[in-house]
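All values below were derived from every heavy atom in this structure, side-chain atoms included, with hydrogens, water molecules and symmetry-related copies excluded.
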Amino acid sequence: MTHPTTTAAAGNAVAQRLATDPDTVERDLIKLVLTIVELLRQLMERTAVHRVDQGDLGEDEEERIGMTLMILHERMEELCTRYDLTMDDLNLDLGPLGSLLPRDPIGSDPIGR
């Protein structure tokens with residue numbers, strides 16, 4: 001049986017983690033969305049590099065994918081700047097698993113920070 005004090009302490013800890021500041025809700029939501037977008041961007045980049053290395057893409061396809069990834073990178077930079085975020089802000093700590101985003105994806109920091 002769980003002790004009432006233990007249950008209350010656990011409930012308070014959960015409430016503290018879930019407490020939000022109305023002034024930061026928009027920034028926190030943007031941070032979460034940008035984290036997901038950056039994860040997907042890195043996965044797309046890795047897939048594109050793999051396909052180029054395998055010779056699966058024609059020259060036009062390589063150019064189109066490259067331009068798309070560059071545009072996405074620029075938009076990520078703009079949004080990070082607008083909301084005063086850095087790449088480290090987007091990188092979630094997964095505890096023993098390490099961080100969500102690689103520190104140095106495919107050669108350099110994609111946000112340039």
Partners meeting side chain to side chain contact (heavy atoms under 4.5 Å, CB included) with [X] (sequence neighbours left out):
| X | result |
| --- | --- |
| I65 | A48, L57, L69 |
| L39 | L43, L100, L101 |
| Q54 | H50, D56 |

task = Please report the shortest heavy-atom distance between Y83 and E26, naming the atom on each side.
result =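 Heavy atoms of Y83 and E26 come nearest at OH-OE2, 3.4 Å.
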Drop me the distance from [X]'s [atom1] to [Y]'s [atom2], to the nearest 0.5 angstrom.
| X | Y | atom1 | atom2 | answer |
| --- | --- | --- | --- | --- |
| D28 | T24 | CG | OG1 | 4.0 Å |
| I36 | R41 | CD1 | CZ | 15.0 Å |
| L90 | L32 | CG | CG | 10.0 Å |
| E38 | K31 | CD | NZ | 14.5 Å |
| L79 | R82 | CG | CZ | 5.5 Å |

inquiry  = Applying side-chain contact (heavy atoms from CB on, under 4.5 Å) to M44 and T68, what does each step give before you reach the verdict?
reply    = CA-CA 10 Å; M44 289 185 330; T68 301; 5.6 Å; no
note = Residue pairs passing the salt bridge (charged side-chain N to carboxylate O under 4.0 Å, His left out) test with at least one member in residues 57-75, sequence neighbours excluded, are R75-E78
request  = For the pair D89 (side chain) and T86 (backbone), establish whether a donor and an acceptor sit closer than 3.5 Å, ignoring hydrogens and angles.
outcome  = yes
